[in-house]
Amino acid sequence: MIIRKSPAELEKMRRAGLLVHSILTEMKGLIREGVSTLDLENVAERMIRDAGAKPAFKGYYVPAAGGKYPFVLCTSVNHEVVHGMPSEKRVLKSGDIISIDTGVQLEGYFGDSAITVAVGEISEETRKLLKVTEESLELAISQMRAGNRLFDICGAVERHVVSNGFTIVRDFVGHGIGTSLHEEPQVPNYVDKRNENPRLKEGMVLAIEPMVNAGRPETKVLSDRWTAVSRDGSNSAHFEHCVAVTSNGPWVLTRP
Ligand code: MF3
Ligand code: CO
């Protein structure tokens, strides 16, 4: 069942979304050569606590990993796809790309968003990877209209990524979001005909999160049980927004 949110609930999700946005904006400003991913984690955790919010990821139980995620951020560098863990040993260098994914719970409602940022100078090919991934998210957002269907969102991402020669990660998907971090429906970044194709209605909120590889789409999880990487070692990009369906069209809760 897809839970629809009232206008008052959407206002709460908006506040959670704007907090997530302010954290990601701060992270963008801090990212440069010489900064460790744990430095970023520490600033982000402080911001969440100061806002009177709770981190959505820290303490979140993931059965596949067999435990609770230990950080407020996922920091996934280069060929890391998702769930990279902050570490003082992971020091950013020019030419890296880093995805920062974070979520918060505020007044009972969740916000969840991710960006991928270049460190110093990156290659032309990698710049295109970031651009195409972000564009695919924007195309998906524009499909978040009452009367459209879930596959309109999935297909918008898939077409743009595939037509630009990159590949879609199939092992992780977007999701509904509300009073839980993960609600129905799953939101794959490709049309999966095995799934249902529900019609979008006012009050539905989806966390849309394309994960795109420069090379092949397969992933594997490292021995730390969390970090997912591309099997072929190619770079991977990730952008995410929470988006509500409203009578005025798509409302991106995780940006101003
Ligand atoms: N944005 C991801 C998601 O929505 C991050 C979850 S990390 C976890 O699933 F540790 F909380 F699982
Ligand atoms: Co998410």
Side-chain angles (χ1 to χ4, degrees), residues 2-3 5 13-14 16-21 23-24 27 37-38 40-41 44-45 48 53-77 80-87 90 98-106 109-117 133-134 136-138 140-141 144 150 153-154 157 168-190 204-213 219 221-222 224-229 236-244 252-255:
I2 303 176
I3 302 165
K5 283 79 185 177
M13 296 197 70
R14 173 61 164 168
L18 287 180
L19 174 58
V20 170
H21 177 265
I23 295 163
L24 293 181
M27 297 296 106
T37 52
L38 189 66
L40 301 173
E41 165 77 14
E45 178 156 28
I48 294 169
K54 285 195 278 199
F57 300 173
K58 190 170 179 170
Y60 186 81
Y61 182 75
V62 174
K68 294 176 178 178
Y69 186 72
F71 297 99
V72 307
L73 296 182
C74 296
T75 51
S76 307
V77 180
E80 296 170 359
V81 177
V82 286
H83 306 164
M85 288 188 287
S87 161
R90 194 62 181 260
I98 176 170
S99 129
I100 309 277
D101 186 358
T102 195
V104 303
Q105 187 184 24
L106 191 61
Y109 288 82
F110 283 88
D112 182 9
S113 183
I115 52 173
T116 303
V117 179
T133 307
E134 192 167 19
S136 75
L137 174 55
E138 293 303 328
I141 289 169
M144 281 287 285
L150 184 64
I153 296 164
C154 310
V157 176
I168 290 158
V169 171
R170 302 175 83 90
D171 302 331
F172 301 92
V173 297
H175 49 96
I177 183 167
T179 55
S180 302
L181 176 61
H182 296 135
E183 293 182 357
E184 285 181 26
Q186 293 198 2
V187 185
N189 295 299
Y190 56 95
M204 289 183 177
V205 184
L206 302 181
I208 307 173
E209 46 180 321
M211 291 151 267
V212 175
N213 288 355
T219 69
V221 176
L222 299 184
D224 64 20
R225 304 198 68 175
W226 288 100
T227 314
V229 300
S236 187
H238 180 204
F239 288 84
E240 175 176 22
H241 275 304
C242 293
V243 188
V252 183
L253 300 172
T254 42
R255 72 177 167 213

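Every number for a ligand or one of its atoms is a count from 1 in the order of the listing.
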Practice task
Check the pair F172, H83 against ring-ring contact (aromatic ring centres under 6.0 Å, His included), reporting the backbone distance first and the verdict last.
Solution key: CA-CA 11 Å; F172 301 92; H83 306 164; 5.6 Å; yes
Practice task
For residues F110 and H175, establish whether the separation of their ring centroids is below 6.0 Å.
Solution key: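 Ring centres of H175 and F110 not closer than 6.0 Å.
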Handout entry: CA sep, side-chain torsions, deciding dist, call: V221, T219, side chain to side chain contact (heavy atoms under 4.5 Å, CB included)
Key = CA-CA 7 Å; V221 176; T219 69; 5.8 Å; no
Exercise for the section: Compute the shortest N/O to N/O distance between D112 and ligand 1 and return yes if it is under 3.5 Å, no if not. Expected result: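 Looking only at distances, the answer is yes, because the N/O contact criterion of under 3.5 Å is met.
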Problem - W226, any N or O under 3.5 Å of ligand 1 N or O - result: no
Practice task
Any pair with a residue in residues 168-181 that passes salt bridge (charged side-chain N to carboxylate O under 4.0 Å, His left out), sequence neighbours left out, goes on the list, sorted by first then second residue, please.
Solution key: none
For [atom], which protein heavy atom lies nearest, and how many Å away is it?
atom: atom 12 (F) of ligand 1; value: V62 CG2, 3.4 Å
atom: atom 9 (O) of ligand 1; value: H182 NE2, 2.7 Å
atom: atom 1 (N) of ligand 1; value: D101 OD2, 2.6 Å

Handout entry: Donor-acceptor contact present, side-chain T116 to main-chain H238, <3.5 Å
Key =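 Pair found, side chain donor or acceptor close to backbone of H238.
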Practice task
Would you confirm whether S113, through its side chain, and E240, through its main-chain N or O, come within 3.5 Å as a donor-acceptor pair?
Solution key: yes
Problem - Residue portion contacting ligand 1 (non-hydrogen atoms closer than 4.0 Å) for C74 - result: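 It is the side chain that gets close, since no backbone atom is under 4.0 Å.
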Under 4.0 Å from a heavy atom of [X]: which atoms of ligand 1 are those, numbered in the order shown and with their elements?
X: Y60; answer: 11 (F), 12 (F)
X: Y69; answer: 10 (F)
X: H175; answer: 3 (C), 4 (O)
X: F57; answer: 1 (N), 5 (C), 6 (C), 7 (S), 11 (F)

Mind checking the [atom1]-[atom2] spacing from [X] to [Y]? Nearest 0.5 Å is all I need.
X: L206; Y: Q186; atom1: CG; atom2: CD; value: 12.0 Å
X: I208; Y: C242; atom1: CD1; atom2: SG; value: 9.0 Å
X: I141; Y: H241; atom1: CD1; atom2: NE2; value: 5.0 Å

Practice task
Please report how many protein N/O/S atoms lie under 2.8 Å from the Co ion (ligand 2).
Solution key: 4
Completion exercise
Looking only at heavy atoms, the pair that brings P210 and V157 closest together is CB-CG1, 3.8 Å
Exercise for the section: Check each of I23, T102, V72, I100 against L40 using the side-chain contact (heavy atoms from CB on, under 4.5 Å) test, and report the only one that passes. Expected result: I100
Practice task
Answer yes or no for K58: is there a heavy-atom contact with ligand 1 below 4.0 Å?
Solution key: no
